[in-house]
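Note sheet for the following structure.
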Amino acid sequence: MNDDRDIKDALHRAAGEVQPRGTTEDVLARVSVRRGGGWAPAVLGAAAVLALVVGVATWAGSRDTDPPPAQPTTREVTVFYSGGQASNFRLHREVHEVAGKGGLLQLALDELYEVPRDPDYLHLMPKDTTARIEVVGGVARVDLWGAGLEPIRNAIPEVHRFALQAIVETVNANSPKPLRVMFLKNGAVHGEILDQKTDQPWTAGDPDEVMAPVQLDVTEGAVLNPGDTVSGRAAAFEATVVWSITDAKGEQVEDGFTTAQECCTLSPYSFEVPDLPPGDYTLTVAETDPSGGEGRPPASDSKSFTIE
Amino acid sequence: MVAQEDVVSQDPERAWLEALHREHFVPLVRVAVLLTGDAGLAEDLTQDAFADLWRRRRKLTDPGRAAGYLRRSVVNRCRSAQRHLSVVRRKQPALLARDPDQPDPATRAVVLDALRQLPTRQREVLVLRHYLDLSEAQIADHLGISPGSVKTHASRGAAALRELLKETP
């Protein structure tokens, strides 16, 4: 790589013309809690797609009360995001590596505010809020703080329901034992938060009711090799899961189908990565559409991956 | 201005952010430009990376690794943004058309266009290696791949970029 002076020069010429003007004031403005804010625009349907272009991240307020770290730690947390389809806000799972000290459940809730790895997913955490968790017995008290806890006007109820359900599922996925989740708002129990009844603790939902009907267990941007096994879970008609692979130009290069272990309830499926030349690809898995286009759009999940 | 600087100097965390920003902001925006081909998006993603770092500042296990954290964060955000862009381009192509009143300078446009045609990993390796002068080991660490893969991507990427630039009139 030492002889690549021409490459180096080309990159420096191209990038050197860029003169950004951002300041640390801009950085701090992104972090600070803004009063009167709404929700991530991502939940508002078609506009969401455009919002994602600029990497929507609804940063929570700074955790100024956290103690300074003592030992280096990196841990994995499981977080749930919405599939973000207008007709289906059901949840998808991602595993994130997080650095930091503190309880795993708090780290997981902090991570819920982060941008999902999969750009098709949305986080539904209310903008301008933070979530603090305390576990007492079998109940996790999740206190949502901030100015952004007003329901979205005219939003379909699913948005609010899945915003809270994503917290419940995230808490339970990172807890060694099942936990009920009691929601608080600015330190106090309320009969309703975000138009949802919150006078009693919430429990983890029936996976067939709250999880996306087609899920792909591939990390966004993964490096795969031909012959690798790809797996996921699906609740599909006749247990049939169809898959397709498109190349960097968006042209389909392979397709096929596989069968989940059971019909119509979330159960595992798998198939092998076909022979493909090195390059960047997108893998999409989907349920079939028994309605012939009359019903809701078929659920799907997709991930980009690289063959080296 | 004097008053503001005084305030900054009295806050060691703020001074730490100022120093990091001064040293790394412009290079990282330029890295993001090379990775995304979009100067506005690049600056936005880089500011987001700094905002994320600031929010986590008291959870950082080793403040000396902040620069590496920022680099990884920017590269990951660029990769994610590229997919966002591809999603949006599929759904709303007209809304993402380049503003004809703001054309890129020719040199930059040619190189960025060529970079865009490379596979993601090759583009990332080339930029980290030849723009930021990172070592193979550092690149491997940042991208989560082996040093051997870094070498392969660098070699293939350089060859492909040369071909693409050669084809440009």
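First the proteins, then the strands, lettered A, B, ... as listed; each starts at 1.
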#### Entry: Side chain / backbone / both / neither for A/Thr306 at chain B, heavy atoms under 4.5 Å
side chain
### Query
A/Val223 and B/Arg121: side-chain contact (heavy atoms from CB on, under 4.5 Å), yes or no, with the steps?
CA-CA 10 Å; A/Val223 175; B/Arg121 288 284 188 210; 3.7 Å; yes
Measuring from atom [atom1] of [X] to atom [atom2] of [Y], what distance do you get when rounded to the nearest 0.5 angstrom?
X	Y	atom1	atom2	value
B/Glu18	A/Thr23	CD	OG1	8.0 Å
B/Phe25	A/Thr24	CZ	OG1	10.0 Å
B/His130	A/Asp6	NE2	CG	8.5 Å

#### Entry: Under-4.0 Å salt bridge between B/Arg14 and A/Glu25
yes
### Query
Could you walk me through whether B/Arg30 and A/Leu11 pass the side-chain contact (heavy atoms from CB on, under 4.5 Å) check?
CA-CA 9 Å; B/Arg30 290 174 175 172; A/Leu11 297 187; over 6 Å; no
Given a strict heavy-atom distance threshold of 4.5 Å, which part of [X] is in contact with chain A: side chain, backbone, both, or neither?
X	answer
B/Leu17	both
B/Arg156	side chain
B/Val26	both

### Query
If you count heavy-atom pairs under 4.5 Å between each of B/Val33, B/Thr120, B/Leu126 and chain A, which one has the most?
B/Thr120
### Message
Between B/Glu43 and A/Gly22 (side chain of the first, backbone of the second, donor and acceptor by atom type, cut-off under 3.5 Å), is there such a pair?
### Response
yes
### Query
Would you say B/Arg79's side chain and A/Gly221's backbone share a donor-acceptor pair under 3.5 angstrom?
no
Considering all heavy atoms, the nearest [X]-[Y] contact:
X	Y	value
A/Leu28	B/Trp54	CD2-NE1, 3.2 Å
A/Ile7	B/Ala158	CD1-O, 3.8 Å
B/Leu34	A/Ala14	CD2-CB, 4.1 Å

### Message
One pair to check against salt bridge (Lys or Arg N to Asp or Glu O under 4.0 Å): A/Asp4 and B/Arg162. What are the steps and the verdict?
### Response
CA-CA 10 Å; A/Asp4 293 329; B/Arg162 273 193 200 95; 2.7 Å; yes
### For A/Leu104, all residues meeting side chain to side chain contact (heavy atoms under 4.5 Å, CB included), sequence neighbours excluded
A/Arg75, A/Val77, A/Asn174
### Task
Apply the test side-chain contact (heavy atoms from CB on, under 4.5 Å) to residues B/Asp133 and A/Lys8: give CA-CA distance (whole Å), side-chain angles for both, the deciding distance (0.1 Å), then the verdict.
CA-CA 9 Å; B/Asp133 287 326; A/Lys8 191 182 287 276; 2.4 Å; yes
### Task
Could you pull out all residues at least two apart from B/Asp113 that satisfy salt bridge (charged side-chain N to carboxylate O under 4.0 Å, His left out)?
B/Arg116
### Query
Is there side-chain contact between A/Arg117 and B/Asn76, with heavy atoms separated by less than 4.5 Å?
no
